[in-house]
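What you see is a predicted model; the values in this text were computed from it and never measured.
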Amino acid sequence: MGEFIIKMPDVGEGVAEAELVEWHCKVGDPVREDMVLAAVMTDKATVEIPSPVTGTVLWLGAEIGDTVAVKAPLVRIQVAGEGGEADAVPMAETVTIETAEQPVEKVASPPPVEIKKPIQSAPVAKAPVQTHVDKPLASPAVRLRAQDGGIDLRQVSGTGPAGRITHDDLDQFLARGAQPQPAPTGLARKTAVDEIKVTGLRRRISEKMVLATSRIPHITYVEEIDVTDLEDLRATMNAGRKPDQTKLTILPFLMRAMVKTIDEQPVVNATFDDDAGIISRHAAVHIGIATQTPAGLTVPVVRHAEARGIWDCAAEVVRLAEAARTGSALREELSGSTITITSLGAMGGIATTPIINRPEVAIVGVNKIMTRPMWDGSQFIPRKMMNLSSSFDHRVVDGWDAATFVQRIKALLETPALIFIES
């Protein structure tokens with residue numbers, strides 16, 4: 001019998017380490033060749049690690065959430081015949097999140113320690129700790145006094161023999177400001193705490209949000225827009241759409257309005273490398289669409305929106321959102337955006353403060369459409385109103401330019417025919 005060591009593979013693109021996000025085996029498990037042993041996540045992809053040999057797992061070199069360096073021992077397997085060692089050959093990648101920014105500096109993990117117990121792929125909720133389970137020790141007189149005063153003896157520390165509660169203990173309990181307990185209502189207190197380790201995509205999201213808020217001075221501009229005419233146009237276009245055309249939402253109209261406005265305000269369609277001190281203004285408009293998936297928030301990218309019409313934009317948004325939710329999006333479909341749209345309107349929010357998708361310098365937030373009475377000069381009439389909440393990197397975009405950008409979008413959405421006029 002021999003021992004075979006499987007090392008952390010080189011997953012490419014200069015990645016020197018990866019986070020362990022899942023084990024598919026535990027110590028003592030039999031494994032066969034090509035069986036998936038683990039999954040690791042880089043800044044751009046989740047990679048499955050298969051076994052190159054058949055045998056029994058002797059040792060696992062990391063725990064869920066650990067950062068493992070390339071070439072570090074990952075698994076030891078007992079095999080028939082002579083042992084050996086090799087880098088694992090990673091299986092097909094599943095892209096997880098856009099990472100156009102620089103990766104976060106990570107602290108090197110300690111050397112792997114042999115694990116004697118099975119490793120679970122997710123934390124297990126701890127059972128609530130119960131104290132004073134047994135009936136408290138107290139004399140009948142003390143019990144009667146506690147009952148009359150509405151005091152739960154389980155909350156009182158006894159100083160008498162074997163922890164017996166005395167009258168002095170009741171006096172000290174009341175002196176500390178304890179309040180009489182209310183009469184039982186059938187409702188029980190809950191004390192359980194679920195400890196969830198931040199790993200995988202959730203860790204990537206956390207790192208990106210910390211970087212964005214700590215390094216970008218945000219300015220958020222909120223403007224209300226009358227989308228009554230736009231909604232009427234959208235309903236008319238949907239009623240006449242062809243069977244192979246995607247149903248229009250407000251997003252394709254907003255995307256086209258942004259493209260036209262960026263021609264006049266190119267400063268917002270930019271990325272800022274603040275380490276190098278370089279602002280890159282992009283001619284191409286690659287619009288990221290913040291999308292909630294079962295695994296967390298991702299940002300699929302509609303590339304070259306400047307070359308797409310309303311229907312094309314609508315179809316691409318639907319395609320990319322589905323790919324992101326099913327985990328089938330390609331790497332290039334989740335990176336390279338130059339400006340982002342985020343929409344929480346379906347949840348009912350009327351204003352938000354979006355966080356910029358670093359290294360971009362602007363993000364446009366769509367809020368709920370509501371019918372409100374608006375004064376037209378002589379009377380109140382019902383109009384469909386929507387707020388846009390847009391954030392800008394104040395190092396790159398001045399407040400005046402931010403307001404001008406939003407006001408131009410407002411003008412286009414309130415007179416939607418202008419969206420279709422080529423300049």
Side-chain angles (χ1 to χ4, degrees), residues 96-98 100 201-202 204-213 216 218-228 230-231 234 238 246-259 261 268 286-302 305 313-314 316-326 329 333-334 337-358 360-372 383-393 397 402-403 405-407 409-410 412-414 416:
T96 55
I97 187 169
E98 177 182 7
L201 181 56
R202 180 50 54 189
R204 295 294 183 275
I205 294 172
S206 174
E207 292 170 349
K208 286 171 68 70
M209 294 301 102
V210 169
L211 269 179
T213 54
I216 299 176
H218 284 61
I219 174 176
T220 299
Y221 184 90
V222 180
E223 177 62 281
E224 65 176 2
I225 299 174
D226 187 339
V227 294
T228 306
L230 175 61
E231 285 294 274
R234 186 170 71 88
N238 278 330
T246 303
K247 186 176 181 180
L248 295 174
T249 67
I250 199 170
L251 286 185
F253 295 93
L254 175 59
M255 293 166 69
R256 288 302 306 164
M258 289 170 59
V259 166
T261 304
V268 301
H286 302 322
I287 301 179
I289 307 294
T291 304
Q292 189 65 35
T293 73
L297 183 68
T298 60
V299 187
V301 181
V302 177
C313 285
E316 187 67 356
V317 167
V318 171
R319 185 189 72 80
L320 288 171
E322 180 63 21
R325 294 188 182 102
T326 59
E333 293 174 332
L334 292 176
S337 55
T338 57
I339 190 169
T340 294
I341 295 174
T342 179
S343 175
L344 292 176
M347 304 300 294
I350 60 173
T352 52
T353 54
I355 297 176
I356 295 169
N357 185 25
R358 185 175 179 268
E360 298 166 24
V361 300
I363 184 171
V364 177
V366 179
N367 297 297
K368 182 181 181 181
I369 297 175
M370 296 185 296
T371 300
R372 300 206 307 266
R383 304 294 290 180
K384 294 178 180 178
M385 307 299 296
M386 178 191 75
N387 288 344
L388 278 187
S389 302
S390 305
S391 294
F392 304 87
D393 186 335
V397 183
F405 174 72
V406 175
Q407 290 297 327
I409 290 177
K410 171 184 171 75
L412 291 171
L413 294 181
E414 290 188 339

query: Are any non-hydrogen side-chain atoms of Leu230 and Met386 less than 4.5 angstrom apart?
result: no
task: Check whether any side-chain N or O of Arg383 sits under 3.5 Å from a backbone N or O of Thr228 as a donor-acceptor pair, and report yes or no.
output: no
message: Once rounded to the nearest 0.5 Å, what's the spacing between atom CG of Leu344 and atom CG of Asn367?
response: 7.5 Å
Asn238 side chain reached by Arg234 side chain, heavy atoms, under 4.5 Å: yes
task: Classify the side-chain pair Thr220/Ser391 by whether it contains a donor and acceptor separated by less than 3.5 Å.
output: yes
- prompt: Of the non-hydrogen atoms in Ala314 and Thr246, which two are nearest, and what is the gap between them?
  reply: O-CG2, 4.0 Å
message: For Arg256 versus Ala305, what's the shortest heavy-atom pair and its separation?
response: NH1-O, 3.1 Å
- request: Give the minimum heavy-atom separation between His218 and Ile356, together with the two atoms involved.
  value: NE2-N, 3.0 Å
query: Which heavy atom in Val268 sits nearest to a heavy atom in Phe405, and how many Å separate them?
result: CG2-CE1, 3.5 Å
query: How long is the gap from NE2 on His286 to OG1 on Thr338, to the nearest 0.5 Å?
result: 6.0 Å
- request: Kindly give the heavy-atom pair with the smallest separation between Pro300 and Ala324, and that separation in Å.
  value: CG-CB, 4.2 Å
query: Leu320 and Val301: which non-hydrogen atoms are nearest, and at how many Å?
result: CD1-O, 3.1 Å
N/O donor-acceptor pair under 3.5 Å between Asp226 side chain and Glu414 backbone: no
- prompt: Out of curiosity, Thr261 OG1 to Leu412 CG, how far, rounded to the nearest 0.5 Å?
  reply: 5.0 Å
- prompt: Does the distance from a Lys or Arg side-chain N to an Asp or Glu carboxylate O, for Glu224 and Arg372, drop under 4.0 Å?
  reply: yes
- prompt: Do the charged groups of Arg319 and Glu333 touch, with an N to O distance under 4.0 Å?
  reply: yes
query: So, the side chain of Asn387 versus the backbone of Ile350: is there a donor-acceptor pair under 3.5 Å, distance only?
result: yes
message: As a quick check of understanding, evaluate side-chain contact (heavy atoms from CB on, under 4.5 Å) for Glu231 and Ile369, giving each step before the final call.
response: CA-CA 10 Å; Glu231 285 294 274; Ile369 297 175; 3.9 Å; yes
- prompt: Within the side chain of Glu223, is there an N or O that forms a donor-acceptor pair under 3.5 Å with the backbone of Lys410?
  reply: no
